[in-house]
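A short worksheet on the structure shown next.
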Amino acid sequence: MSSAQPSPSSAPPTSSALDPAVAARLKRTADGLVAAVAQQYDTGEVLMMAWMDDEALHRTLTTGRATYWSRSRGEYWVKGDTSGHVQHVKSVALDCDGDTVLVKVDQVGAACHTGTRTCFDSRELALG
């Protein structure tokens, strides 16, 4: 895992090697985070949503492994390091507002911490 130490506020560390041109395009929350949506690259299936800071995005772009910031644990986590359910990154894109990252991945195994393929399995809300 990471050597980053959890902070009392669960906000991520502020230093990063992220390309300054990319960093300038990001619109972060007050905690310095952007939403990251993981999508299966070949089917378009939406797998999960997590959070990234500049460093998590930098690690994702440079390693080819999806890296997120855990607000609850106050540390970085590379998807699959403990579960074996790895996300191999195929592409990364910012939305038009710069506040959401779309990470297209090749998902190995379950994406959801509950063990299901996607975090959006069978949880549709009734309309009307």
Side-chain angles (χ1 to χ4, degrees):
M1 278 314 259
S2 166
S3 61
Q5 296 297 315
S7 64
S9 68
S10 78
T14 55
S15 64
S16 172
L18 184 64
D19 179 337
V22 174
R25 295 175 56 196
L26 296 177
K27 291 184 185 166
R28 301 162 193 81
T29 65
D31 290 335
L33 303 171
V34 294
V37 175
Q39 179 182 41
Q40 178 63 34
Y41 83 100
D42 54 354
T43 66
E45 178 182 31
V46 177
L47 300 170
M48 58 176 274
M49 181 273 177
W51 296 97
M52 288 184 172
D53 69 344
D54 289 24
E55 181 61 22
L57 180 55
H58 168 71
R59 293 180 187 189
T60 297
L61 292 169
T62 58
T63 67
R65 294 276 309 280
T67 303
Y68 303 103
W69 175 257
S70 172
R71 296 179 304 166
S72 60
R73 293 188 311 263
E75 65 184 14
Y76 294 104
W77 55 282
V78 179
K79 182 68 175 166
D81 269 3
T82 57
S83 67
H85 300 162
V86 177
Q87 291 179 343
H88 298 284
V89 177
K90 299 295 185 175
S91 68
V92 179
L94 290 176
D95 76 339
C96 58
D97 296 322
D99 61 1
T100 306
V101 178
L102 178 62
V103 185
K104 292 189 179 183
V105 301
D106 189 9
Q107 177 69 50
V108 176
C112 187
H113 71 281
T114 64
T116 58
R117 170 78 181 160
T118 170
C119 293
F120 299 98
D121 255 359
S122 307
R123 293 174 184 88
E124 287 188 27
L125 303 176
L127 298 175

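The figures here come from the full heavy-atom set of this structure, side chains too, leaving out hydrogens, waters and symmetry mates.
For residues 111-120, the set of pairs meeting the salt bridge (charged side-chain N to carboxylate O under 4.0 Å, His left out) definition, not counting sequence neighbours, comprises Glu45-Arg117. Legend: ring pair (Phe, Tyr, Trp, His ring centres under 6.0 Å) pairs involving residues 84-121, not counting sequence neighbours: none detected. Annotation: salt bridge (charged side-chain N to carboxylate O under 4.0 Å, His left out) contacts involving residues 85-98, sequence neighbours excluded, are absent.
Every residue two or more places apart in sequence or in another chain was checked for a side chain to side chain donor-acceptor pair (under 3.5 Å) with Ser83, and none qualifies. In this view, Arg25 satisfies the salt bridge (Lys or Arg N to Asp or Glu O under 4.0 Å) rule with no residue, not counting sequence neighbours. Residues passing the side chain to side chain donor-acceptor pair (under 3.5 Å) test with Gln87 are Tyr68, Gln107, sequence neighbours excluded.
When side chains are defined from C-beta on, Val89 counts as touching Val103, because their heavy atoms get closer than 4.5 Å. In this structure, the side chains of Met52 and Arg59 stay at 4.5 Å or more apart for every pair of heavy atoms. Side-chain contact between Gln39 and Val105 is absent, with no heavy-atom pair separated by less than 4.5 Å. Using a 4.5 Å heavy-atom cutoff, the side chains of Leu94 and Leu26 are in contact. Looking at Val46 and Val37, their side chains come closer than 4.5 Å, going by heavy atoms from C-beta outward.
Between Thr114 atom OG1 and Asp121 atom CG the span is 7.5 Å, to the nearest 0.5 Å. In this structure, CE in Met49 is found 13.5 Å from OG1 in Thr118, a value given to the nearest 0.5 Å. The CH2 atom of Trp51 sits 6.0 Å away from the OG1 atom of Thr29 when rounded to the nearest 0.5 Å.
Contact check on Arg28 versus Asp54 returns a salt bridge, with a Lys/Arg side-chain nitrogen under 4.0 Å from an Asp/Glu carboxylate oxygen.
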- [ ] Please test Arg65 against Asp81 for salt bridge (Lys or Arg N to Asp or Glu O under 4.0 Å), starting from the C-alpha separation and ending with a verdict.
- [x] CA-CA 10 Å; Arg65 294 276 309 280; Asp81 269 3; 3.0 Å; yes
TODO: Mind running side-chain contact (heavy atoms from CB on, under 4.5 Å) on Leu33 and Arg71 for me, showing each step along the way?
DONE: CA-CA 10 Å; Leu33 303 171; Arg71 296 179 304 166; 3.7 Å; yes
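Leu18 pairs with exactly one of Leu61, Thr62, Asp53 by the side chain to side chain contact (heavy atoms under 4.5 Å, CB included) rule, that one being Leu61.
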